[in-house]
2 protein chains.
Amino acid sequence: MNVEILCLGILSRSDATGYEIRKQVTEGPFSHFYKAGFGSIYPALRKLSERGLIRCTLQAQEKRPDKKVYAIAPAGRQALAEALRRPPGPDAVRSDFLFLSFFSHLAPAEILREAFDERIAWLRAKIDTMRGHREGCDMSPGEAFTLGYGLAVYEAILAYLESNRDDLGAPNPAPVDARISGAAE
Amino acid sequence: MNVEILCLGILSRSDATGYEIRKQVTEGPFSHFYKAGFGSIYPALRKLSERGLIRCTLQAQEKRPDKKVYAIAPAGRQALAEALRRPPGPDAVRSDFLFLSFFSHLAPAEILREAFDERIAWLRAKIDTMRGHREGCDMSPGEAFTLGYGLAVYEAILAYLESNRDDLGAPNPAPVDARISGAAE
DNA sequence: GGTTGCATGTAAATGGTTACATGATTGT
DNA sequence: ACAATCATGTAACCATTTACATGCAACC
């Protein structure tokens, strides 16, 4: 499964520009299980157009350059359905964070602490926006399912990090009042 | 973080051949957060050798071709430590399974059912071997942490799949006795 | 007799990232 | 004045996958 199929999937839900597709991938409902930037999306759209799987309408805008709004074509729906008939392979995960955790004994404590703090903050924010999103919008069963999946995973990770961060020598920084009475680092 | 750094990390724990490294990546403690095949490992080892980060000893074997056992060099340890000083970027996840789930309304029910069954079976097996591994071996804190992390994630996913699979029209196949007294499909 | 495991590698193709290139508008 | 958002795209580079190529030993 590649960026082209991803674009077909997104366009099967509603027309969009390359810019909007990228937004859906980086912030929207696909962000839990796919990444793609401009550098892969725009070429993918061009190729899909050339093969007749999507079509493109120029939309003039006031005070802005023209938009290229893409829409899925019948052949595109067919190609998407075809891709969806093939059993999915295993997930691909690559985590530099876990690599760092694995070799935490070789890393500076400060880097570890920072990495944990950042990740925990990120998880909290993500979980918050996802919960909000679940309430506000009405969703297809598929969208609700993947959102719930992502939430379940992020919540499990957050809980794990919060209760196990001390195991790696990346303990929480001393609370503020400890500094006043305690020793400096 | 790339395969070269991964190899350095693995070799920092013990000497190994390319074949053994690949085994550790596909089945061992790294399998939860990294993938790599022969096609990327062997070239990585060659490059690391050329740059003097690892060294290689030929080990003759009876009835087998020679083994190339690699060991990390001081410069290699330094390079690893350096890589570990850089704060980790976000995780990269790519899941065809979630893509299929998202667009489940466009996919054949049979494919969905199969995908769920397979994934659930895979998760159960993985969780089992990981639990066994946790008991049997003594581990570095980092290894124990990442193992626990992987377990937490896999357990959360398994629980989610088991309780929500019906939402997508991929219900469990009818139990065996239902077939005897019930209607055919 | 066939499959799995040990053991090493290369070449081509795929797929994606990063950096560059451009430019107006809106908000702080 | 500066940053962010909207908006599109290309070119060079990077990393990884896939397929190929080889061969013996052990097990079923």
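We name chains A, B, ... by the order of the sequence lines, and we start the count at 1 in each one.
Nearest to the side chain of Y42(A), among dT16(D), dG16(C), dT10(D), sits dT10(D). Listed nucleotides: dT17(D), dC6(C), dT10(C). Nearest to the side chain of R46(B): dT10(C). Comparing dT8(D), dA7(C), dT10(D) against the side chain of K67(B) picks out dA7(C) as the nearest. In the set dC6(C), dT17(D), dT8(C), the nucleotide with an atom closest to the side chain of K23(B) is dC6(C). Residue S40(B) places its side chain closer to dT17(D) than to any other of dT17(D), dT10(D), dG16(C). Distance from the side chain of K68(A) is smallest to dG9(D) among dC6(C), dG16(C), dG9(D).
Among the atoms of the strands shown, none is found under 4.0 Å from any heavy atom of K47(A). Within 4.0 Å (heavy atoms only), R94(A) reaches sugar-phosphate atoms of the nucleic acid but no base atom. Residue Y70(B) is classed as a sugar-phosphate contact, given heavy-atom separations below 4.0 Å to backbone atoms only.
Computed from coordinates, the I41(B) CD1 to dT10(C) P distance equals 14 Å when rounded to whole Å. In this structure, N2(B) places its CG atom 15 Å from P of dT17(C), rounding to the nearest Å. Whole-Å rounding puts the Q59(B) CD to dT8(C) P distance at 10 Å. Taking atom CZ of residue R22(A) and atom C1' of nucleotide dA4(D), one finds them 12 Å apart after rounding to whole Å. Between Q24(B) atom CD and dG5(C) atom C1' the separation is 17 Å, expressed in whole Å. In this structure, CD1 of I21(B) is placed 11 Å from P of dG9(C), rounded to the nearest angstrom. As rounded to whole Å, 9 Å separates atom P of dG16(C) from atom CD of E4(A).
In this structure, V69(A) is not a member of the same hydrophobic cluster as Y42(A), with clusters built from ILVMFWY side-chain heavy atoms closer than 4.5 Å. W122(B) and V93(A) sit in two unconnected hydrophobic clusters of ILVMFWY residues. Membership requires side-chain heavy atoms under 4.5 Å apart, directly or through other members. A single hydrophobic cluster is seen to contain both I111(A) and F33(B), as judged by linkage of ILVMFWY side chains at heavy-atom distances under 4.5 Å, directly or through other members.
OP1 or OP2 of dA7(D) lies within a sub-4.0 Å distance of a side-chain N or O belonging to Q61(A).
For the pair T146(B) and P29(B), the minimum side-chain heavy-atom distance is 4.5 Å or more.
DNA chain C is contacted by T17(B), G18(B), Y19(B) of residues 8-20 of chain B, taking any non-hydrogen atom closer than 4.0 Å.
For F99(A) and F30(B), the distance between ring centers is not under 6.0 angstrom.
F103(B) and H105(B) have tilted rings, their planes meeting at an angle from 30° to 60° on a 0 to 90° scale. Relative ring orientation between F97(B) and Y149(A) is described as tilted, the plane-to-plane angle lying within the 30° to 60° band.
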